[in-house]
Each structure stands twice: as structure tokens, then as C-alpha cells.
Amino acid sequence: MSAPEPTPSADNPSTPERSLNFIEQIVEEDLRTNRNGGLPVQTRFPPEPNGYLHIGHAKSICLNFGLAKKYGGKCNLRFDDTNPTTEETEYVDSIQEDVRWVGFNWDGLYYASDYFEQLYQWAEQLIQENLAYVDSQSADEMAKQRGSATVAGIETPFRNRSVEENLDLFRRMKAGEFPDGAHVLRAKIDLAETHLIMRDPVLYRIRHAHHHRTGDKWCIYPMYDYAHGQCDSIEKVTHSICTLEFETHRRLYDWCIENLRIFPSRQYEFARLNLTYTVLSKRRLLELVKGNHLAGWDDPRMPTLCGLRRRGYTPEAIRAFCDRIGVARFNSTIEMSWLEDALRDDLNKRAPRAMAVLKPLKVVVTNWPAGEVDWLDAVNNPEDASAGSRKVPFSGTLYVEQDDFMENPPKQFFRLGPGREVRLRYAYLITCQEVVKDASGNVVELRCTYDPASRGGNSPDGRKVKATLHWVSAEHAIATEVRLYDHLCRQPNPNDVPEGVDWKTTINPNSLEVVPQAMLEPSLAQAAPGSQWQFERLGYFCVDSVDSKPGQPIFNRSVTLRDSWAKAQQKAGGQRS
RNA sequence: UACCCGAUGGUGUAACGGUAGCACAACAGAUUUUGGUUCUGUUUGUCCAGGUUCGAAUCCUGGUCGGGUAACCA
């Protein structure tokens with residue numbers, strides 16, 4: 001066996017050697033010792049089709065598919081559809097779309113329900129070997145008899161039914177002779193087990209429910225613990241990776257495989273993703289959607305993959321993020337800024353730049369020749385010369401950002417103020433000569449002069465201006481809606497609420513700010529739905545793919561640019577509008 | 001409480017008995033027609049107490065703290 005990972009040699013010292021995470025170490029060790037007898041690395045991503053995928057799932061997707069890719073193995077997409085009452089094809093479809101969007105293609109597409117017949121046969125086998133029995137008590141009674149952490153469970157009176165009786169009952173369960181809850185199939189293990197999970201766990205329950213794939217063929221359905229390991233085994237999954245809460249289930253996972261004497265898939269657990277300022281549990285996400293706290297699963301504030309997609313996140317950013325956070329068994333919480341940074345990194349390289357003014361302040365250029373329009377060259381992406389340039393119109397009436405003017409600017413403020421000169425990006429240097437206010441004292445217009453020698457933004461005599469502002473020409477601007485998003489929750493940990501207080505009280509009431517009339521440079525009129533842009537000095541924005549109309553794009557702010565001025569302001573205790 | 005798992009700077013993550021490293025953040029500087037980007041530099045860490053050892057983040061014992069499990073959910 002050759003070493004799986006080449007060490008960087010002296011001639012390519014730039015190759016950074018990322019250390020292996022603990023699962024990669026296990027895989028490499030297994031490969032080295034040929035633990036699976038020459039079988040390729042086989043993983044699987046096993047979502048239950050009862051909700052939408054979120055960024056936490058992306059971690060699992062990148063791990064499972066990434067492992068297969070890295071070690072020349074395969075990764076299946078397998079729907080864990082053993083509970084027909086909660087599962088729907090709507091979710092099956094969205095999950096497939098999201099996995100593809102993140103950037104992976106599965107080798108096999110399977111459903112746990114594909115294996116119902118085999119699972120059933122194995123159940124009969126366990127009965128034959130006196131390793132499973134039919135219990136006929138209620139769920140309540142069973143719960144009582146399970147005992148507790150400190151008290152051993154007690155056996156059900158049905159525990160010692162004969163193999164024949166168990167088989168007969170189980171077959172009649174399958175045949176639909178009994179109503180829901182009348183009987184269950186249980187593993188015969190040990191009621192005194194310290195692992196509560198091993199106290200004769202339920203393997204099958206009766207559910208007269210329509211299944212999204214098998215229809216009405218079955219009225220008994222296997223439990224997760226009985227189905228999952230065997231499905232892995234059937235698919236020759238070598239490394240079955242799941243989250244930490246399944247750790248205690250591993251005993252049962254192994255028990256089933258050992259007693260059925262089938263291919264020994266092995267389970268490994270890692271810590272699920274936690275992110276600050278949001279929630280990542282299906283239950284809570286469902287709560288947000290059903291309670292109409294947000295616009296739906298794809299609301300751009302949702303941490304769902306479809307929400308992030310609509311927000312303007314790219315698959316590249318998601319993958320880079322997942323790569324950066326690592327995989328471990330420690331229960332960690334990742335700062336939301338990591339996700340945002342991953343997006344900035346990606347979009348900085350490829351998002352074309354444009355100018356847009358969110359909160360317009362009118363600027364009249366008093367010495368501009370009346371009626372004239374100057375079409376100026378603007379670079380599309382300073383990070384990418386191949387992106388070329390475009391023309392932007394300049395005229396005597398412009399808009400600049402309200403935040404870029406202060407009547408009494410402090411020393412640290414470089415932008416516009418009375419008597420100050422600044423550069424308008426790609427255009428001219430202008431100097432503020434006069435401030436016009438309305439009756440209540442609000443600044444409503446700036447009257448400025450421009451320097452004709454500064455065309456393109458050059459300083460003709462080498463004089464310095466401290467600020468370069470974005471702007472749009474008033475007569476050419478397209479006015480449209482821009483949606484500014486902020487954290488879903490106000491506090492880093494939404495779970496950190498006093499006893500009895502609903503976590504939903506931590507929802508950020510200002511997570512969405514709608515700007516109804518932002519002014520955009522005209523080239524943006526034809527921006528395609530879903531396309532991503534950097535509005536210079538503001539952030540990355542994408543065209544909303546749901547609400548935009550041809551010629552009338554609506555923009556979502558994906559993430560702001562880093563803003564050291566705003567940060568300094570906040571630190572100084574001042575608020576920024 | 002019983003069982004299981006975990007604990008390394010602000011946040012993550014390496015080091016597998018031999019110099020505590022990397023990334024992001026923070027801070028400082030340089031560059032800059034985006035207060036963006038880029039570049040350079042700096043600060044900050046092994047949960048506690050014992051033990052083994054020439055040597056412990058690593059091994060052992062005890063403790064502390066955190067998480068998980070106790071559904072006819074997955």
C-alpha cells in the first residue's frame with residue numbers, strides 16, 4: 001500500500017499541508033491496514049426527508065462526499081425514510097437540489113424504503129434466533145418498565161413468548177391485522193443494561209400510514225436504530241458518519257450487524273455545527289416558518305441552504321467554510337463572521353463591481369455644463385482584469401450616500417463636508433460649496449463644484465483627497481428595492497435565555513430593512529436573477545430570484561464589506577445609521 | 001442521578017511522550033481612485049490537583065466544567 005497523502009516536497013514548498021481530521025486519520029489507517037479487504041471507501045449522506053437542509057447539513061455533505069472524493073471512494077445519497085408520517089416528496093426534491101447545489105454528485109441514490117423487504121426478512125431471522133419478540137403493551141407501559149438511569153428496567157410479561165407465537169404475531173402485524181400501537185417488535189437484549197438504548201429497544205412499529213414511496217404496501221415500519229446500520233451494511237458503507245447524539249446508539253448499531261452477521265459497517269460520530277446568531281435545529285427552523293416569523297424556508301435570513309442561496313451565498317463559499325471549520329468531537333460554536341468571511345473571500349475575486357446609493361443625498365454640480373452627460377470608464381473588477389470595464393454616465397445632478405456627508409465632520413471622517421474636496425469614483429473631484437436644508441433642518445442637497453481637469457478621478461496636480469465616494473447620476477439612475485439583512489438573532493447564543501423564556505424573543509426585529517428606493521447605476525437594470533455584485537463600498541448584493549422582474553431587479557444584501565470606519569464608530573460608542 | 005463523550009488563545013483546529021503550530025478575529029503599520037482587497041508585524045492558549053517519566057497538551061488517578069442518551073422520531 002502506498003502512502004495516501006504525498007508530503008510536500010522541497011520543490012513545491014508552497015503546498016500547505018492541512019492536518020488530517022480525526023475521521024481522515026481513521027480512514028487512512030483503515031486503508032493502510034486494508035481493514036475492508038480492498039473495498040473502496042464508501043460513505044453516505046442520509047437525510048430524513050422531513051425538512052429542508054441547512055448549513056449544518058452542508059458540513060456533513062462536505063465531510064461525506066469530500067471523504068469519498070479524497071480517497072477515491074463513493075458516496076451515496078440515501079433518504080432515511082422510515083417514518084411515513086413526517087416525510088414528503090417535497091423534501092426529497094429540495095434535498096437533492098441542495099446537495100447538487102453545494103457541489104456534489106452522489107454515486108448511488110437510495111432510500112431506506114428500498115430495503116424494507118430485506119429488513120423485514122432480517123427481523124424474522126432475529127425472531128427465529130430468539131433475539132427479538134413481539135410486545136403487546138402500550139408505549140406508556142413500556143416507558144415505565146424501561147426504568148431509569150439508576151434503576152434497572154423490568155421485563156414485559158410478553159418477553160418470553162415462543163418463537164412460533166412471535167413469528168405469527170409479527171406476520172400478522174405485517175398483514176395489517178392490528179391497529180397502530182397494538183404491538184411492536186422488540187430486540188431481546190437486557191433490561192439491566194446501563195445504556196438505556198439497549199433495554200430491549202423497539203425495532204418495528206405499526207403505522208397505517210401512506211408512505212411517499214412504498215404507498216400502502218407496508219403498515220409496519222422499522223425504527224431508525226434497526227434500519228440505519230443494516231442499510232449501511234447493504235450498501236457496503238465502510239465509514240458511517242453521523243453526529244454526536246447518535247454516539248450511544250452505536251452499541252445497538254453494532255448489535256444488529258453482529259447478530260445478523262452482515263457486512264460490518266462502522267459508525268463514527270462528529271460534532272454537529274453550531275453557529276452564532278442563528279438556530280440550526282429542524283424543529284426551530286420549522287417553528288420560524290410555520291409561525292410566519294420569516295417568509296419561508298428560503299427566506300434569506302434562514303440558515304437553510306435554499307435561504308443562503310437566495311441570500312447570495314455561493315457553493316464555493318459554503319465549501320470553503322466547511323473546510324475551514326474542521327471536523328472534531330468537541331461541541332463547538334462557530335462565529336457567524338466565518339461564514340460571512342468565506343463569502344467575501346469568494347465574491348471579492350469574482351463579483352463585478354457596480355455603484356448603488358442606498359440612502360440618496362442629492363448633489364448638484366453647479367459648474368457642470370447644463371444638459372451634458374459624460375460617459376466614464378469604470379473598471380468592472382479590480383481583482384480580475386479579464387472582467388473588463390463599462391461606461392457610467394455623469395451629469396450635473398447626482399446622488400451620493402447620506403452617510404458620506406457630515407456637516408460637522410470629526411477629524412477621522414474623510415468624506416464630504418462643507419468646503420471639503422473628495423473624489424467621485426472614476427469621475428471627478430468635487431468640492432462641497434453649499435449645504436441646502438429643508439424647513440426642519442435636514443440636509444437635502446449639496447451644491448458642489450467639480451474640477452474639469454480631474455476627469456476619471458485623477459488628481460491633475462497630484463493633490464491628495466482622502467476619500468473616494470460612490471455615486472449615481474440622478475437622471476440615469478434606476479430606482480429599485482434593496483433588502484438589507486442582518487443576523488437572525490440579536491444575541492450570539494439564542495438558547496441563552498432565562499428559564500421559561502422563549503428563544504424566539506431573541507429574534508432580531510431588525511433582521512430585514514427594506515430600502516424601497518435605492519438608486520442604482522443604469523448598467524444594473526439588466527442584472528440577471530441570482531447574479532452577484534459588489535456595490536462599491538457597501539457590500540455584496542444579489543438579484544433576488546423570486547421577486548425581481550425583468551428590467552426591475554430587486555437586490556438582497558448578501559454581506560457587507562468589512563468596514564473599519566463603521567467599526568471604529570461603534571467602538572467609539574457612536575451608532576451608525 | 002446512571003452510562004457515554006469531550007475540554008488547547010476571542011473563535012475554531014493541529015501537535016499521537018521531545019521547540020505548543022495554523023487559520024479567522026483583534027491590534028499596529030505599508031499599499032490603495034472601494035475606510036474594500038493585498039502585504040508585513042504584534043498580542044493572546046494546554047480546565048484543576050496529584051502521579052509516571054530525563055521529559056507530559058499527550059500516559060495514569062481523582063476532581064471541575066460542558067455536551068449527549070433515557071420517543072412506537074431521526
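First the proteins, then the strands, lettered A, B, ... as listed; each starts at 1. Only heavy atoms go into these numbers, but all of them, side chains included; no hydrogens, no water, no symmetry mates.
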Visitor: Between rA26(B) and Lys567(A), is there an OP1 or OP2 to side-chain N/O distance shorter than 4.0 Å?
Guide: yes
Visitor: Would you indicate what His470(A) reaches in the nucleic acid, counting non-hydrogen atoms under 4.0 angstrom: base, sugar-phosphate, or nothing?
Guide: nothing
Visitor: Report which part of the nucleic acid Leu561(A) touches: base, sugar-phosphate, or nothing (heavy-atom distance under 4.0 Å, all strands).
Guide: base
Visitor: It should be established whether Arg537(A) places a side-chain nitrogen or oxygen under 4.0 Å from OP1 or OP2 of nucleotide rG35(B).
Guide: yes
Visitor: May I ask whether Tyr224(A) stacks on the base of rA74(B), given the cut-offs of 5.5 Å between ring centres and 30° between planes?
Guide: no
Visitor: Hey, are the side chains of Arg455(A) and Asp374(A) touching, using non-hydrogen atoms and a 4.5 Å cut-off?
Guide: yes
Visitor: Ring centroids only, cut at 6.0 angstrom: are Tyr428(A) and Tyr450(A) within range, meaning strictly under it?
Guide: yes
Visitor: With a non-hydrogen cut-off below 4.0 angstrom, is Thr276(A) in contact with a base, only sugar-phosphate, or nothing?
Guide: nothing
Visitor: Over 60° means perpendicular and under 30° means parallel, so tell me whether Phe170(A) and Tyr204(A) are parallel, tilted or perpendicular.
Guide: perpendicular
Visitor: Against the six-membered ring of Tyr110(A), is Arg78(A) placed for a cation-pi contact (under 6.0 Å from the centre, within 45° of the normal)?
Guide: no
Visitor: How close or far is atom P of rU13(B) from atom CD of Gln25(A), stated in whole angstroms?
Guide: 14 Å
Visitor: How would you label the contact of Thr82(A) with the nucleic acid (heavy atoms, under 4.0 Å): base, sugar-phosphate, or nothing?
Guide: sugar-phosphate
Visitor: Determine the interplanar angle of the Tyr111(A) and His212(A) rings, folded into 0 to 90°, and report it as parallel if under 30°, tilted if 30 to 60°, perpendicular if over 60°.
Guide: tilted
Visitor: Find the distance Asp384(A):CG to rU38(B):P and express it as a whole number of Å.
Guide: 15 Å
Visitor: What does rA57(B) pair with, Watson-Crick or G-U, if both distances are under 3.5 Å?
Guide: none
Visitor: Answer with base, sugar-phosphate or nothing: what part of the nucleic acid does Val202(A) contact at a heavy-atom distance below 4.0 Å?
Guide: sugar-phosphate
Visitor: If you look at every strand shown and take non-hydrogen atoms under 4.0 Å, does Arg425(A) touch a base, only sugar-phosphate, or nothing?
Guide: base
Visitor: Using whole Å, what does the distance between atom P of nucleotide rC72(B) and atom OH of Tyr226(A) come to?
Guide: 18 Å
Visitor: Rounded off to whole Å, could you give me the CG-to-P distance for the Asn331(A) and rC47(B) pair?
Guide: 17 Å
Visitor: Which is true for Pro382(A) with a 4.0 Å heavy-atom rule: it touches a base, it touches only sugar-phosphate, or it touches nothing?
Guide: base
Visitor: At less than 4.0 Å, is any side-chain N or O atom of Thr468(A) found next to OP1 or OP2 of rU32(B)? Yes or no.
Guide: no
Visitor: Please answer whether rG12(B) and Trp338(A) are stacked, defined here as ring centres separated by less than 5.5 Å and planes angled under 30°.
Guide: no
Visitor: Does Phe246(A) reach a base, just sugar-phosphate, or nothing at all? Heavy atoms under 4.0 Å.
Guide: base
Visitor: Atom CG of Leu280(A) to atom C1' of rA74(B): distance rounded to whole Å?
Guide: 17 Å
Visitor: Could you give the NE2-to-C1' distance, from His195(A) to rG68(B), as a whole number of Å?
Guide: 11 Å
Visitor: Less than 3.5 Å between a donor and an acceptor, one on the side chain of Glu383(A) and one on the base of rG36(B), is that the case here?
Guide: yes
Visitor: If I take atom CZ in residue Arg415(A) and atom P in nucleotide rU34(B), what distance separates them, rounded to the nearest angstrom?
Guide: 13 Å
Visitor: Calculate the interatomic distance between Gln145(A) atom CD and rA71(B) atom C1'; express it in whole Å.
Guide: 16 Å
Visitor: Look at the side-chain N and O atoms of Arg207(A) and state whether any lies under 4.0 Å from the OP1 or OP2 oxygen of rC73(B).
Guide: yes
Visitor: Classify Phe270(A) by what it touches in the nucleic acid, base, sugar-phosphate, or nothing, heavy-atom distance under 4.0 Å.
Guide: nothing
Visitor: Determine the contact category for Arg329(A): base if any of its heavy atoms lies under 4.0 Å from a base atom, sugar-phosphate if only primed atoms, P, OP1 or OP2 are that close, otherwise nothing.
Guide: sugar-phosphate
Visitor: Asn50(A) vs Lys282(A), test: side-chain contact (heavy atoms from CB on, under 4.5 Å). Steps then yes/no.
Guide: CA-CA 9 Å; Asn50(A) 70 346; Lys282(A) 270 189 191 174; 2.6 Å; yes
Visitor: Parallel, tilted or perpendicular for His228(A) and Tyr224(A), by the 30°/60° rule?
Guide: tilted
Visitor: For the side chain of Glu536(A), counting heavy atoms from C-beta on, which of rU34(B), rA2(B), rA74(B) is nearest?
Guide: rU34(B)
